[in-house]
Amino acid sequence: MLFSRHCRTILENICTIRYLSTKVVLDPPSIGDVYRTNVRIGRLTREGRMELARKLFDEMPTRDVVSWNAIMTGYWKNGFLGESKKLFDSMPLRNVVSWNSMIAACIESGSIDAAFLYFSQMPERNTASWNVMIAGFIRYRMIEKAVKLFEEMPRRNVISYTAMIDGYAQVGEILKARQLFESMPGRNEVSWTVMISAYVEAAKFDEARELFRRMPYKNVVSVTAMITGYCKEGNMEDARVLFEQIQRRDDVSYNAMITGYSQNGRGEEALRLLVDMISRRLRPDQYTLVSILAACSNLASLTQGKQTHALVFKYRLHTHVSVANALITMYSKCGSLLDSQSAFEHICTPNIISWNTIIAAFAQHGLYEKALYFFNKIDSLGLEPDGITFLSLLSACGHAGMVKESLYWFESMKTIYKVEPRCEHYACLIDILGRSGRVEYAYKMIQEMPSEADLGVWGALLAGCRSSLNIELAELAAQEIMKLDPRNSGAYVMLSNIYAASGLWRNVTKVRRLMKENDAKKQTAFSWMEIGDTVHYFVGGDASHLAIDEIHALIIQLYSQMKAMENIT
């Protein structure tokens, strides 16, 4: 959620160090010196230069509460929570900012219980104290405790309400979030945006649109939230209209559009938008480049992928694991496995996603031994493989036609590694069994599944029946698919092909009639190839390509040559 993503900023804002008056009496000439030193300490801590900041603090002849707050906050913001606690305990005088800072420090470090202990011990609290604690509970999804604090608050402000709206949305209580939103005595742009984002995250796009129309002033953040909603809905045209209306676009709005184009299979628009983004002197971040690399993967455009890789180095984002993982996938889908492996080897600390990605890369190309090599490396390093790891390993078995090995790894996953197989694991194994002609055994596995089989499982069985022409199981699998999705054209086409291969032409006619009655339309297949910097798309029967005459002439020429070679042999 939007509010959650900015939780750290909110915590920092709540505990912002201000120069507050205290009961400590200072000589008038020293006040300016203390103030200037406090400002320098704050600047040094923000720069991460804690040794210099501490030296300056220790050498101060006179300190006030702001001096203590500045150095204490600097320590925890730079990862030294223990030092912050020592300073807090030794402070000669504390104010509410001191306490709020320690609460925020504990929340930031994951010590929510310690944060609440400080909150409970506070001699006095302001609204920010309650807000920081509520935001902490929401951050760790302790919604009931957040609600209890919210109800106990003596005075609430817009931050309190907005935090609770986000909290309700996180746990799926959208109705409660909306009720609280409507009961707010006053709203700001963040409140509106958080509520709109809540609807977007819950895929309630109509409600998000209605609220967006009501919003009195639409800032770039709220417009970006709606762009994200349109993109999730697949409505890229309306998303682009909104995007063009933003007068001062930032990197977040560009990222929303680029991600939308990439996820909706419109990689070329995503690439063009990246060029526009850079031309406006906006710097792509890791999120931008992950989406662009996904677009290159979908286009199988090695040229664009390598150009994006150059940007990764230019902007020094090669250390981000998510970017490296996207590079592995991109090179794999473009058929450049050596580059995939190189991208993996450049990761300083690969996570389980990195290992899964490189295993999947080799699996997709049928290189079982290489996939197994990386799987064994996971084992040797003491990492725990997850369901995705085994799915990739089973996929490698399938591409390499290794039935015995697939059964071994499926059983090992359950018994040795204690990973519960999901429908996709069963679908992969059933596909392997079906390809080897063992559809009866595959059907037996479906019957023994702990959960109901989904479309993928029945689809794998139906595909397996095609090679063995098992009419009985094919009809059963097709019926199950049609129950789950009556408009699934694949089931009709596959069953029709099985009937045709068996010479059952009356049944073929029946299936085609049923397909028409259920309005199941066959999806158009297309292919593409990259020549130079241009991607050319081809659809069966389409004559719209500018060079269609030359293409047809060359096909006829190649066909004639092949026939001539056939006659010679």
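Just so you know, these numbers come straight off a predicted model, no measurement behind them.
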Does a side chain donor of either [X] or [Y] reach within less than 3.5 Å of an acceptor in the other side chain?
| X | Y | value |
| --- | --- | --- |
| S392 | N356 | no |
| S342 | D339 | no |
| N325 | S354 | yes |
| D206 | Y199 | no |

Check: [Y] main-chain N/O paired with [X] side-chain donor or acceptor under 3.5 Å:
| X | Y | answer |
| --- | --- | --- |
| S291 | Y287 | yes |
| S222 | K218 | no |
| T259 | A256 | no |
| H365 | L337 | no |
| N264 | C231 | yes |
| S395 | L391 | no |
| R249 | F243 | yes |

Salt bridge (charged side-chain N to carboxylate O under 4.0 Å, His left out): pairs with one or both residues in residues 167-179, sequence neighbours excluded: R178-E182, R178-E210
Taking only residues at least two apart or on different chains, which pairs with a member in residues 404-417 satisfy salt bridge (charged side-chain N to carboxylate O under 4.0 Å, His left out)? E411-K414
Yes or no on side-chain hydrogen bond (donor to acceptor under 3.5 Å, both in side chains) for T288 and D285, after CA distance, side-chain angles and deciding distance? CA-CA 5 Å; T288 321; D285 58 17; 2.8 Å; yes
R422 meets the salt bridge (Lys or Arg N to Asp or Glu O under 4.0 Å) criterion, sequence neighbours left out, with E424
Any residue meeting side-chain hydrogen bond (donor to acceptor under 3.5 Å, both in side chains) with [X], in chain and number order, not counting sequence neighbours:
| X | answer |
| --- | --- |
| R512 | none |
| E440 | N470 |
| Q364 | S332 |
| D251 | none |

Just wondering, do [Y] and [X] contact through their side chains at under 4.5 Å, heavy atoms?
| X | Y | value |
| --- | --- | --- |
| I471 | N507 | no |
| M257 | I227 | yes |
| L311 | P284 | no |
| C296 | L271 | yes |
| L407 | R438 | yes |
| S183 | Q179 | no |
| T389 | E384 | no |

Assess the residue pair N497 and Y492 against the criterion (side-chain hydrogen bond (donor to acceptor under 3.5 Å, both in side chains)); give the C-alpha distance rounded to whole Å, side-chain angles, the decisive distance to 0.1 Å, and a yes or no. CA-CA 9 Å; N497 290 340; Y492 298 94; over 6 Å; no
Check step by step if side-chain hydrogen bond (donor to acceptor under 3.5 Å, both in side chains) holds for Y254 and D276. CA-CA 9 Å; Y254 268 96; D276 182 54; 2.6 Å; yes
Mind checking whether F212 and W192 have ring centres under 6.0 Å apart? no
Grab the two heavy atoms, one from [X] and one from [Y], that are nearest each other, plus how far apart they are.
| X | Y | answer |
| --- | --- | --- |
| S406 | L429 | OG-CD1, 3.5 Å |
| I246 | S253 | CD1-CB, 3.9 Å |
| L473 | C465 | CB-SG, 3.6 Å |

Atom [atom1] of [X]: over 12 foreign heavy atoms under 6.0 Å:
| X | atom1 | value |
| --- | --- | --- |
| E144 | CD | no |
| Y441 | OH | no |
| L381 | CG | yes |

Which pairs with one or both residues in residues 226-242 pass side chain to side chain donor-acceptor pair (under 3.5 Å), sequence neighbours excluded? R209-E233, N235-D238, E237-R266, R240-E244, R240-Y261
Could you go through residues 366-378 and list every donor-acceptor pair under 3.5 Å that involves a side-chain atom there, pairing it with any protein atom two or more places apart or in another chain?
unit_1	atom_1	unit_2	atom_2	d
Y368	OH	W409	NE1	3.1
K370	NZ	Q341	OE1	3.3
N376	ND2	L372	O	3.3

Just distance, no hydrogens or angles: give the donor-acceptor pairs under 3.5 Å from side chains in residues 448-463, sequence neighbours left out.
unit_1	atom_1	unit_2	atom_2	d
D454	OD1	G456	N	3.2
D454	OD1	V457	N	3.1

Quick check for you: to the nearest 0.5 Å, what is the distance between [X] atom [atom1] and [Y] atom [atom2]?
| X | Y | atom1 | atom2 | answer |
| --- | --- | --- | --- | --- |
| E472 | L476 | CD | CG | 7.5 Å |
| I165 | L180 | CD1 | CG | 5.0 Å |
| Y168 | M195 | OH | CE | 12.0 Å |
| I258 | R272 | CD1 | CZ | 12.5 Å |
| L293 | T308 | CG | OG1 | 5.5 Å |
| M482 | L495 | CE | CG | 5.5 Å |

Contacts of type ring-ring contact (aromatic ring centres under 6.0 Å, His included), residue F410, not counting sequence neighbours: Y426
Any carboxylate oxygen within less than 4.0 angstrom of a Lys/Arg side-chain nitrogen, looking at R435 and D431? yes
Let's go through T162 and S191 carefully: what are the C-alpha distance in whole Å and the side-chain angles of both, what is the deciding distance for side-chain hydrogen bond (donor to acceptor under 3.5 Å, both in side chains) to 0.1 Å, and is it a yes or a no? CA-CA 5 Å; T162 305; S191 317; 3.1 Å; yes
Got a list of side-chain donor-acceptor pairs under 3.5 Å for residues 499-506, not counting sequence neighbours?
unit_1	atom_1	unit_2	atom_2	d
Y499	OH	E475	OE2	2.5
S502	OG	I498	O	3.0

